Amino acid sequence: MTDPIRVVAALEEIADRLEIRGEAFFKVRAYRRAAQVVSALTEDLALLYQRGELDQLPGIGPALAQKIGDVLTTGTCPLLERLRREVPGGLLDLLALPGIGGKTVGHLWRSLGIENLDALEEAAQAGRLRELPGFGEKKERNVLAAIAGLRRRRERVPLGALRPVALALVEALAAHPAVGRVAMAGSLRRWRETAKDIDLVAAAEDPAPVLDAFSRLEQLDRVVARGETKVSAVLKTGVPLDLRVVRPGAYWTALHHFTGSAEHHVQLRGWASERGFRINEYELLGPDGKPRPVQAEEELYGLLGLAYVPPELREGGGEIEAAAEGSLPRLVSLEDIRGDLHAHTDWTDGAHSLEAMARAAKDRGYQYLAITDHARALAMAGGLDADRLRRQVEAIRRLNETLEGFRLLAGIEANVMADGSLDLEDEVLAELDVVVASVHSHFNQDEATMTRRVIRAMENPHVDLIAHPTGRLLGARDPYAIDVDAVIEAAARTGTALEINAHPDRLDLRDSHARRAREAGVKLAISTDAHHVQHLGLMEYGVGTARRGWVEPGDVLNAMPLDELLAHLGRN
DNA sequence: GCCGTTTTCGGCCCGACTGTTTTCAGTCG
């Protein structure tokens, strides 16, 4: 039986290809909507199928139920296969270009015979796009810029796409009887926001059977190189991957070596050599030239007279000096997090009810969850106007009476309009526990205008924090032009917190900005922006990013217990 | 393609913006 994720992917692919083919808008939307319904499902999709209850789901009738059933049992369906023959796959890449949608892709294909990114780039460079109705020179330039941006982003894959894959591979390896220890290394272990490849390190007395078993894993597309201790392969998703298998005695030095970063190693080896030590992939050699046994990474640093440097800090950003003088931060961890300050419900574009979100947060051991649905300017998401918001606040207050040891906070994600005003009146905002403000429109303002706009929003005394302050979508959209340092300065001055949006497609603020913010004394909120109960689990990505920014629990708004948080927000 | 105290056809979350137009199509959230 196929994974529900495959079903969602198939429905979305059908929608994309139908749209390119010029199919009726509402038909396309029916497939998109079905994909959303399936992905938000809390019941077991396969079970619903077996009971013949798929067409009970909202937006799913006999035709879609049939197709979902086909995909569940066979991995595909006749319509999808036909569309794959009729619509070139290269056109799907074009949909990822900002400013290009299904209709335009269809025109480009039918009028100019463009079937992929390269052909589009060539046509734009040759000035052939402006021949199309609705196209001009400016749009042609925008297309070229969009292609360049897409290429730049695709060199590295967002952490959120690779980490689960790496964890699954680690799990598969750990199950092998010959494997002692195994872990992911490289930039994934350092929680870097994107990665070029997956690095795994394992310990085994005899590497050969482990390498054999690994080479046969179904996730691999092909093995590129195979040596005594190493396999290089490419996953079916096209991501390169290295596994090294070393003898148990060399595991910790190998893990450390392959965790990096290169810059950290350069500095660490410099420090070590000044003290007569040498470090390589397999061992730590003392001033006497003899290897020192290393049973953990802590020991490696300890033998060199340094405090343990967590992987997230190993970037050559002053961590060696700090480890030497004992001034490394006590990094925030998942256990410090007491709640989540940015979440959506089915009152707007979230998948689940207030109660379901509250229960999920409570089950995670949280003390609180802020409901911050979209405000009215985000019309497509069903943004709340003052009346509906007040009704939601009432519903939250009522629900709180039934939730023991847990509190839903009534909030809003207000839109920062083009001029920096908000799309709800101050008197409404004053009734809320927490006000999150964010930019969802006019992304292409110049830097000065955008910066003034966000700062004006922070100057509103009701605004508690700015969500995803730079607006980027990893691998999809560059940040808008904004002077982050000016925003940090204004945040410090106005006492406004800045969000580290934990969604792995955002991670915004990014690590380096988070570090500058905390140094300026700005409070940070690590928030998931959950639109689904499962998104609450993305918190670890935000924490990873915060750790890379040297963030301590005391810097984090949602590391505060409820009463302290309410006092900080000025609401008791 | 789905759906129905607007019920078997004719609707289907909506408003702003952009780049192209001279009244609008396409995109975005």
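Below, all heavy atoms of this structure are taken into account, side chains as well, without hydrogens, waters or symmetry copies. None of the values given here were measured: they were computed from a predicted structure.
- Remark: A/Glu431 CD is packed, more than 12 non-hydrogen atoms of other residues, nucleotides or ligands lying under 6.0 Å away.
- No contact: A/Leu18 has no heavy atom under 4.0 Å from any strand.
- Atom CG of A/Leu11 is separated from atom C1' of B/dG1 by 12 Å (rounded to the nearest Å).
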Seminar exercise, completed: The contact string for nucleotides 22-27 of chain B, one letter per nucleotide 5' to 3', using protein heavy atoms under 4.0 Å with B, S and - for base, sugar-phosphate only and none, comes out as ----SS

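- We find the CZ-CG distance between A/Arg364 and A/Leu369 to be 10.5 Å, quoted to the nearest 0.5 Å.
- A/His342 is not listed as a side-chain neighbour of A/His503, based on a closest heavy-atom distance of 4.5 Å or more.
- Under the 3.5 Å distance criterion, the side-chain polar atoms of A/Thr73 are matched with a main-chain donor or acceptor of A/Asp70.
- Between the C1' atom of B/dG29 and the NE2 atom of A/His344 lies a distance of 12 Å, rounded to the nearest Å.
- A gap of 15 Å separates the P atoms of B/dT22 and B/dG26, to the nearest Å.
- Taking 4.5 Å as the limit, some side-chain heavy atom of A/Leu538 sits within range of a side-chain heavy atom of A/Pro504.
- The side chain of A/Arg477 approaches B/dG29 more closely than any other nucleotide in the set B/dG29, B/dG1, B/dG19.
- Inter-residue side-chain proximity for A/Ser353 and A/Thr345 is flagged as unmet; no heavy-atom pair is nearer than 4.5 Å.
- The side chain of A/Phe443 lies closest to B/dG29, out of B/dT20, B/dG29, B/dC2.
- To the nearest angstrom, P of B/dG29 lies 17 Å from CG of A/Asp423.
- When the P atom is used for both B/dC13 and B/dT23, the distance is 30 Å, rounded to whole Å.
- Between A/Glu131 atom CD and B/dT20 atom C1' the separation is 16 Å, expressed in whole Å.
- For the pair A/Asn142 and B/dG19, the criterion of a side-chain N or O lying under 4.0 Å from OP1 or OP2 is met.
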For nucleotides 12-15 of chain B, tabulate all protein N/O to nucleotide N/O atom pairs closer than 3.5 Å, reporting atom names and distance.
{"from": "B/dC13", "atom 1": "OP1", "to": "A/Arg29", "atom 2": "NH1", "distance (Å)": "3.2"}
{"from": "B/dC13", "atom 1": "OP1", "to": "A/Arg29", "atom 2": "NH2", "distance (Å)": "2.7"}
{"from": "B/dC13", "atom 1": "O2", "to": "A/Met380", "atom 2": "O", "distance (Å)": "2.9"}
{"from": "B/dC13", "atom 1": "N3", "to": "A/Met380", "atom 2": "O", "distance (Å)": "2.9"}

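- A/Gln56 has its CD atom 13 Å from the P atom of B/dC2, to the nearest Å.
- Only the C1' atoms considered, B/dC14 is 22 Å distant from B/dT20, to the nearest whole Å.
- Atom-to-atom, CG of A/Leu54 to C1' of B/dC2 comes out at 15 Å; the value is rounded to the nearest Å.
- Inter-residue side-chain proximity for A/Ile466 and A/Val487 is flagged as unmet; no heavy-atom pair is nearer than 4.5 Å.
- Spacing between B/dC17 and B/dG10 at atom P, rounded to whole Å, works out to 35 Å.
- B/dG19 and B/dT8 have their P atoms separated by 45 Å, given to the nearest Å.
- Using cut-offs of 30° and 60° on the angle between ring planes, the pair A/His352 and A/His532 is perpendicular.
- Using a 4.0 Å heavy-atom criterion, one finds that A/Pro62 contacts the sugar-phosphate atoms exclusively.
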Problem set entry | From CA spacing to verdict: salt bridge (Lys or Arg N to Asp or Glu O under 4.0 Å), A/Arg359, A/Glu355 | CA-CA 6 Å; A/Arg359 300 252 170 242; A/Glu355 185 170 7; 3.3 Å; yes

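- Contact check on A/Glu13 versus A/Arg84 returns a salt bridge, with a Lys/Arg side-chain nitrogen under 4.0 Å from an Asp/Glu carboxylate oxygen.
- B/dG11 sits 31 Å from B/dT21 when the P atoms are compared, rounded to a whole Å.
- The separation between A/Met417 atom CE and B/dG29 atom C1' is 12 Å, rounded to whole Å.
- Here A/Gln445 lies out of heavy-atom contact (under 4.0 Å) with every strand.
- Between A/Pro469 and A/Tyr480, the shortest heavy-atom contact is O-OH, 3.0 Å.
- In terms of position on DNA chain B, the residue among A/Ile60 and A/Gly136 whose nearest nucleotide sits closer to the 5' end is A/Ile60.
- If you take CG of A/Leu132 and C1' of B/dT21, they are 15 Å apart, rounded to a whole angstrom.
- Set against B/dG19, B/dC17, B/dT18, the side chain of A/His442 has B/dC17 as its closest nucleotide.
- Pairing for B/dT8 is absent, with no Watson-Crick or G-U wobble pair whose two atom distances lie under 3.5 Å.
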